[in-house]
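Quick notes on the structure that follows.
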Amino acid sequence: MTAPIPFDAALALIGQATPLGSETVLLAGAAGRTLAADVIAKAPSPRTAVSTMDGYAMVDAATAPGEWLQVVGESRPGAGWPGAVGPGQAARILTGAAVPEGATRVIIQEHAERDGDRVRFTPGYGPATYIRAAAGDFAAGDVLVPAGTRLTPRGLVAAAAADCGEVTVARRPRVAILATGDELARPGQASERPEAIPDTISFAVAALAQQAGADLVAMDLCADEPRRLEKLAGELLDIADVVVITGGASVGERDFAKASFAAHGLELAFEKVAIKPGKPVWFGRAGDALVLGLPGNPTSAMVTAALFLRPLLARLQGADDAHRWRTLPLAAPLPATDERETFARARWDDAGLTPLGNQDSGAQSPLAEADWLIRCPAGQAALPAGTLVSALAF
């Protein structure tokens with residue numbers, strides 16, 4: 001029997017997945033997509049010096065409070081004044097408008113006293129100049145959003161500022177999910193037959209995959225029937241980049257998960273990982289698709305999906321596939337761990353991380369409140385409240 005491999009070794013094998021390629025999409029449809037090429041600014045921002053406030057542009061060295069200046073023009077956003085401002089002169093200017101040639105300061109409206117075509121200013125109008133320098137934000141050719149970044153609403157601001165109407169993004173991984181087990185029924189139908197239980201994993205794994213940028217192309221449920229599973233496995237491999245199969249991953253005589261893909265050329269990268277929960281998780285390739293086998297217990301399935309499926313989908317989109325571990329304090333004691341590396345479920349509040357009381361791999365209700373995983377090395381002693389631990393957002 002193959003021995004389980006360490007968590008970091010399994011994660012390294014996940015990280016060997018090759019990005020799927022790219023496509024060009026309109027910026028209007030790019031939210032949540034991962035960039036496959038840098039977003040590069042086509043022009044500087046701002047293109048010329050602009051005012052940051054409504055007021056008057058003037059020559060600072062030639063102006064003193066109380067002195068009348070001649071108003072010679074007006075500069076508005078998108079319609080700058082083409083003239084120049086000299087000593088004894090000022091130009092009316094609005095926020096975002098180009099600063100006329102010669103002007104070195106904008107005095108805000110609150111300090112201005114206008115009389116026809118004259119203006120003067122009250123004392124205390126400095127020291128701010130209220131001028132944003134040309135290219136003060138970025139220059140033409142600057143990389144505003146690097147490849148590998150997932151476009152958030154904030155990233156879209158930068159992409160639009162680069163004057164990009166379209167961007168090059170990674171192709172979305174196509175994910176198919178196959179839940180196995182004689183006992184499973186679709187939620188809402190389990191009560192219709194004795195001894196059936198709802199499939200509580202598929203919808204959650206689908207949501208996790210979609211949050212990670214994947215397209216869900218199929219979600220099937222199949223009893224433990226080898227021929228049917230083998231046929232369904234082949235169909236899913238034809239339409240997906242990643243097939244996630246849940247259940248049938250232990251050593252029981254009716255565990256057909258790996259066998260259903262073996263007929264399609266399954267090559268295993270690993271078939272067990274020395275972690276708790278989730279030891280039976282496995283990963284491999286069959287033809288052009290990757291296959292990830294998750295345990296049938298709900299907590300084990302969701303923990304392993306977070307630990308392995310999420311970085312796999314990131315890698316396929318060319319993004320950084322490393323987990324973002326944080327060092328956080330315990331708000332309550334953490335029990336000792338056994339011979340396997342353990343990922344304890346916990347909830348976060350202002351006091352820190354509180355490990356959940358029910359850490360059973362089959363527990364379902366605690367998942368609703370678990371929002372962090374605490375990484376516990378094998379053989380770790382019990383830790384008191386206040387101890388800093390390594391944790392991953394769940």
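Since the model is a prediction, treat every value here as computed from it, not as a measurement.
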Would the distance check show the side chain of [X] and the main-chain N or O of [Y] forming a donor-acceptor pair, the cut-off being under 3.5 Å?
| X | Y | value |
| --- | --- | --- |
| Thr387 | Leu330 | no |
| His264 | Glu230 | yes |
| Arg285 | Asp288 | yes |
| Thr152 | Arg150 | no |

Near [X] [atom1], under 6.0 Å, is it more than 12 heavy atoms from other residues, nucleotides or ligands?
| X | atom1 | answer |
| --- | --- | --- |
| Arg114 | CZ | yes |
| Glu267 | CD | no |
| Gln380 | CD | yes |
| Arg132 | CZ | no |
| Arg193 | CZ | yes |

(message) What I want to check is whether the side chains of Arg92 and Gln109 have a donor and an acceptor closer together than 3.5 Å.
(response) yes
(request) Decide whether Arg345 and Gln359 meet the rule of one side-chain donor and one side-chain acceptor closer than 3.5 Å. (result) yes
(message) Which residue in the set Val243, Leu236, Val217 passes side-chain contact (heavy atoms from CB on, under 4.5 Å) when paired with Arg174?
(response) Val217
(request) Give me the ring orientation class for His111 and Tyr125: parallel if the planes are under 30° apart, tilted from 30 to 60°, perpendicular past 60°. (result) perpendicular
(request) Inspect the contact between Arg315 and Asp241 and indicate whether a charged nitrogen and a carboxylate oxygen are less than 4.0 angstrom apart. (result) no
(message) If the threshold is 4.0 Å, N to carboxylate O, is there a salt bridge linking Arg33 and Glu23?
(response) yes
(message) If hydrophobic clusters are built by linking Ile, Leu, Val, Met, Phe, Trp and Tyr wherever their side-chain heavy atoms come under 4.5 Å apart, do Met58 and Val99 end up in the same one?
(response) no
(request) Answer yes if Leu313 and Ile14 sit in the same cluster of Ile, Leu, Val, Met, Phe, Trp and Tyr residues linked by side chain heavy atoms under 4.5 Å apart, and no otherwise. (result) yes
(message) For the CD1 atom of Ile197 and the OG atom of Ser191, what is their distance to the nearest 0.5 Å?
(response) 13.5 Å
(request) Please report the C-alpha distance between Lys231 and Asp220 in whole Å, then the side-chain angles of each, then the deciding distance to 0.1 Å, and finally whether the salt bridge (Lys or Arg N to Asp or Glu O under 4.0 Å) criterion is met. (result) CA-CA 12 Å; Lys231 179 177 181 295; Asp220 289 299; over 6 Å; no
(message) Is the distance from the ring center of Phe7 to that of Phe270 below 6.0 Å?
(response) no
